[in-house]
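Structure first, commentary second.
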Amino acid sequence: MELTIRQAAIVKKLCWTLALSVVAVPFLFPFLWMISSAFKNANEIFGQPNLIPDVWRWRNFVEVFEYQPFARQYFNSIYIAVLVTGLTLILSSLAGYALARMRFAGAGLLMLFLLSALMVPEEVTIVPNFFLMKWLGAMDTHIPLVLLPVFGPHGVMATFLMRQYFVSLPKELEEAGKMDGLSRLGIWWKIALPMSRPALAAVAIITFLFSWNLFLEPLVFLSSIENFTLPLALSNFTDPYGSPLWHLQLAATSLAVVPILIVYLIAQRQIIESFAMSGVKG
Amino acid sequence: MSSLKLRNMTKTFGKTKVIHGIDLDVLEGEFVVFVGPSGCGKSTLLRMIAGLEDISGGELWIGGRQVNEVQAARRGVAMVFQSYALYPHLTVRQNMGFGLKVRKEKPDSIARKVDEAAMTLQLEKLLDRYPRELSGGQRQRVAIGRAIVGDPKVFLFDEPLSNLDAELRVHMRAEIASLHRRLENTMIYVTHDQIEAMTLADRIVVLRDGRIEQVGNPKELYAHPDNIFVAQFIGSPKMNICSADALAPELTRAGIPMEGVEQIGLRPEHLRIVPDGGLINGQVALSEYTGGGSLLHVEMEGAGRFLVLSEGQEGPQPGDEVQLDFDTANLHRFDAEGRSLQAAREPVPA
Amino acid sequence: MTGHIRTGTTATRAPWLTLRRREMFEGWLFVSPTVIGFLIFFLGPLIAVIIYSLSEWNLLSQQMTYIGTANYRDALIQNPDFWHVIRNSVIFAAGLVPLNMTLALALALALCRPGRGVVFFRTAFFAPVVTSAVAWAIVWKFLLQGEAGAVNQMLAVIGIDGPNWLREPDWAMAAVIVTRVLKMVGLNMILYIAALQSIPRDYEDAARLEGAGNWQIFRMVTWPLLAPSTLIIMVITTIGSFKVFDHIYLMTGGGPENGTLVLAFYIYEQAFEFFNVGYASALAMIMFAIVLVLALVQIMLRQKGSA
């Protein structure tokens with residue numbers, strides 16, 4: 001039997017959907033498995049990989065908080081990420097604005113310098129920064145976790161993202177602000193920033209996630225358990241012999257990941273666009 | 001009293017000089033138009049007056065005060081931008097009151113001034129809208145309203161009509177003219193459109209390559225252009241220019257001194273088609289019907305192609321041989337450098 | 001210059017703080033926090049790392065001794081670990097980059113046009129990108145366990161006896177590559193989608209009118225037009241693959257038998273576990289050089305492409 005064009009299109013579409021669904025399994029299954037295992041006991045985790053627990057063990061979520069100061073660690077991650085995001089927004093939009101709009105001697109050279117920073121991985125400067133922080137007495141504090149992301153390659157990337165956006169804005173609005181008597185700071189705050197909401201949102205989103213997921217810096221700079229941030233805390237659920245306490249680890253991981261996933265599902269369009277914006281910088 | 005004084009103003013970007021020593025006096029209440037082809041420096045000059053570009057050399061005086069190093073907002077000038085530059089996140093009312101608010105005026109005084117300006121420009125009903133909810137013409141009026149509110153000594157307009165369609169442009173042109181009559185402020189207006197310049201200006205400043213070519217009222221510029229550039233820039237369709245050699249014998253016979261004349265110019269509207277006895281012979285190459293008449297492209301013997309405005313519905317057809325005549329008073333003579341050799345220049349009443 | 005006019009009028013002298021100077025001053029004020037932070041936390045450390053790399057650092061006496069290029073010679077000539085690590089890094093990159101980019105492009109082509117289900121799949125493929133690398137590594141480490149792991153249990157259903165993925169050097173490398181691709185491919189997918197959407201539809205329509213099929217359109221129209229994006233994505237991905245640390249640290253710890261010991265991890269180990277500061281700094285400089293060369297290659301290729 002011959003298929004009509006319409007039927008052929010439907011069949012084709014079904015095949016595509018099926019293929020994509022198969023590909024999607026290794027992307028989605030880990031999340032589902034993580035969440036379901038968070039409710040399992042240690043034995044069941046090693047049994048059949050079923051997604052509905054036989055026995056729901058809610059105590060996992062209590063034990064997470066008993067085993068280590070997880071609430072404190074959670075709070076650490078939140079406040080550090082908020083601080084990093086706030087500082088990055090202010091500094092990157094200030095510097096980005098100056099680089100986009102103001103003519104000052106050395107601006108070109110400065111751009112070149114900052115651009116070159118994008119090429120240097122954090123791993124290269126972490127050793128001297130370690131000694132710098134030691135000298136400053138900032139070991140085992142959150143100071144390096146705030147300062148290094150703000151002033152490191154990520155901060156530079158944010159500055160360039162803001163600069164590109166400012167350059168694309170119509171200049172006449174700012175000139176009107178100048179005629180209206182605004183100072184430079186006033187133009188930045190009252191005209192340039194309100195028009196740059198998409199770029200600011202992008203910087204905020206990627207910066208928050210960057211800080212939230214930071215691992216190397218906490219690993220290097222933090223030593224006391226109550227100072228840990230989430231990524232470090234998650235890798236720290238081990239029994240006294242050093243082997244992982246899987247059920248607790250997965251419960252804690254779920255607690256760390258699920259809120260981000262929920263926000264992501266709500267704002268997926270905005271979040272994906274933000275990454276696209278930052279990626280184009282290259 | 002002069003409201004604006006430019007003394008040897010220059011502007012350099014890096015190593016290139018874009019404004020070469022401009023001297024100009026603008027009288028109180030005068031409507032002055034800067035006109036010229038794109039890249040002539042007219043906008044740069046305006047922006048230097050506004051304080052948006054710094055002044056590389058020379059002096060700028062506004063209202064008896066040297067303002068070279070005075071910030072834009074303190075110069076007592078207001079500007080209407082080409083793109084209107086209305087803040088998208090503010091309503092019309094907030095847009096118009098923004099400058100006053102920045103200058104820390106009292107809210108009731110701001111409200112009064114905004115209402116006044118809105119009344120002048122019939123914007124009362126639009127005050128609570130956002131710029132995106134306005135038509136092009138309305139935005140244009142808000143942009144003017146914002147300038148009026150601060151009661152500036154000098155209004156600056158940077159090609160304010162270029163974003164409007166043809167019909168609205170004519171309408172807004174008339175509105176700006178009547179606004180000037182009512183407010184009696186000094187206005188400086190930049191355009192590349194010579195018709196806008198002719199219709200609005202008390203005085204026109206023709207600029208080319210960062211230099212003033214000629215300053216004068218519209219009639220002066222039309223009747224007595226100083227050089228070929230101004231002659232061709234003012235007036236539409238533009239003036240025909242040809243080498244003097246081709247017509248020198250005839251013109252000398254007609255009693256016109258042709259000594260040192262290298263080129264001559266004749267405006268299309270000053271040429272008449274005559275049955276016989278015309279000074280020049282030619283053949284119609286193309287006839288463009290314009291409604292009221294036709295624009296003829298006439299191939300002249302040894303003098304290139306002339307544009308001729310012919311009135312009436314029954315003009316000559318392509319291929320026709322025609323004879324052209326003109327009033328010798330309307331003949332423009334230029335020397336080798338393109339400067340006008342107008343003998344006695346009678347002052348033309350403005 | 002025509003200075004006579006200036007002297008002829010009653011010009012007030014220009015104040016010291018001219019509008020121009022003011023703008024310059026303000027400009028530097030705006031960038032100063034960024035610049036100061038940049039100098040302290042970036043440029044300074046970068047210079048320091050060069051100095052460290054030429055020194056021997058005695059932790060007990062806290063003294064630095066200049067030893068010239070000994071650390072570099074140590075890495076490049078004497079220490080067999082180094083080349084082993086470089087080999088691992090290259091294998092990691094050589095496995096990850098083509099896999100990541102091919103998958104990213106395939107997914108982008110499938111999902112670049114709006115349609116039913118497109119948003120769902122895009123969201124799904126991008127979800128790992130916003131997830132922390134730690135969480136991703138923890139879960140996959142578990143899924144890839146020898147017998148109890150979900151992956152092997154599923155393979156058993158179709159009759160395959162899966163290896164103990166993370167305990168055998170070759171399988172471990174393959175496993176970290178694939179799981180890393182799953183984590184990051186969403187990012188390249190959206191970069192490709194953005195690039196695809198910026199190609200005017202007209203080209204495809206014109207090709208279709210001339211009778212080109214899907215594959216021909218891709219080969220003759222889409223792929224050449226994507227070339228600049230492909231280049232950028234490739235370099236970003238390659239540089240990223242040389243920087244990978246947390247993923248390896250958490251999944252294999254560099255093992256088994258140093259089978260997944262890559263450069264970034266090696267630097268960390270030398271600096272913060274064995275405290276070979278000088279040696280680690282030399283390694284960091286070598287890493288910097290590798291990344292720099294990759295970036296320069298990108299710039300050169302881009303210029304060649306545009307010429």
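Chain naming here is simple, since letters A, B, ... match the order of the sequence lines and numbering starts at 1 in each. Quick caveat: nothing in here was measured; it's all calculated off a predicted structure.
Of all the listed residues (A:Val127, A:Leu28, A:Val120), the one sharing the greatest number of non-hydrogen pairs under 4.5 Å with chain C is A:Val120. Ranking A:Leu265, A:Ile90, A:Leu185 against chain C, the residue ahead of the rest is A:Leu185, based on heavy-atom pairs under 4.5 Å. When each of A:Ile205, A:Leu219, A:Val263 is checked for heavy-atom pairs under 4.5 Å with chain C, A:Leu219 comes out on top.
No side-chain donor-acceptor contact under 3.5 Å links C:Tyr266 and C:Ser89. Under the 3.5 Å distance criterion, with hydrogens and angles disregarded, no donor-acceptor pair is assigned to the side chains of C:Tyr279 and C:Tyr52.
Using cut-offs of 30° and 60° on the angle between ring planes, the pair C:Tyr249 and C:Phe265 is tilted.
Within residues 240-247 of chain C, the residues having any heavy atom closer than 4.5 Å to a heavy atom of chain A are C:Lys243, C:Phe245, C:Asp246, listed by residue number.
C:Phe142 touches chain A through backbone and side chain together, each having a heavy atom under 4.5 Å away. For C:Leu111, the part lying near chain A is the side chain, with the backbone staying farther off; criterion is any non-hydrogen pair under 4.5 Å. Within the 4.5 angstrom heavy-atom criterion, no atom of C:Arg21 approaches chain A. Using a 4.5 Å cut-off between heavy atoms, C:Gln153 touches chain A through its side chain atoms alone. Interface residue C:Leu250: only side-chain heavy atoms are found under 4.5 Å from chain A. With a threshold of 4.5 angstrom between heavy atoms, C:Thr123 approaches chain A through its backbone and through its side chain. Contacts of C:Phe41 with chain A are made by both backbone and side-chain atoms, with heavy-atom separations under 4.5 Å. With a 4.5 angstrom heavy-atom cutoff, C:Phe120 touches chain A only via side-chain atoms.
Although no hydrogens or angles enter the test, the distance criterion places no donor-acceptor pair under 3.5 Å between the side chain of A:Ser37 and the main chain of A:Met34. Of the possible polar contacts, none joining the A:Ser211 side chain to the A:Thr207 backbone as a donor-acceptor pair under 3.5 Å is found. For the pair A:Asn236 (side chain) and A:Leu232 (backbone), a donor-acceptor distance under 3.5 Å is absent. The closest donor-acceptor contact from the side chain of A:Glu123 to the backbone of C:Tyr268 lies at 3.5 Å or more, if one exists at all. Checking side-chain atoms of C:Asn100 against main-chain N and O of C:Asn188 turns up no donor-acceptor pair under 3.5 Å.
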Task: Stepwise ring-ring contact (aromatic ring centres under 6.0 Å, His included) check, A:Phe166 with A:Tyr97 - done: CA-CA 6 Å; A:Phe166 286 132; A:Tyr97 180 77; 5.5 Å; yes
Open item on the list: I'd like to know whether C:Val277 forms a side chain to side chain contact (heavy atoms under 4.5 Å, CB included) with A:Phe130, so could you lay out the CA-CA distance, the side-chain angles of the two residues, the decisive distance to 0.1 Å, and finally the verdict.
Closed with: CA-CA 11 Å; C:Val277 172; A:Phe130 175 83; over 6 Å; no
Name every donor-acceptor pair, under 3.5 Å, that has one atom in a side chain of residues 133-141 of chain C and the other anywhere in the protein, sequence neighbours excluded.
residue: C:Trp136; atom: NE1; partner: C:Thr179; partner atom: O; Å: 3.0

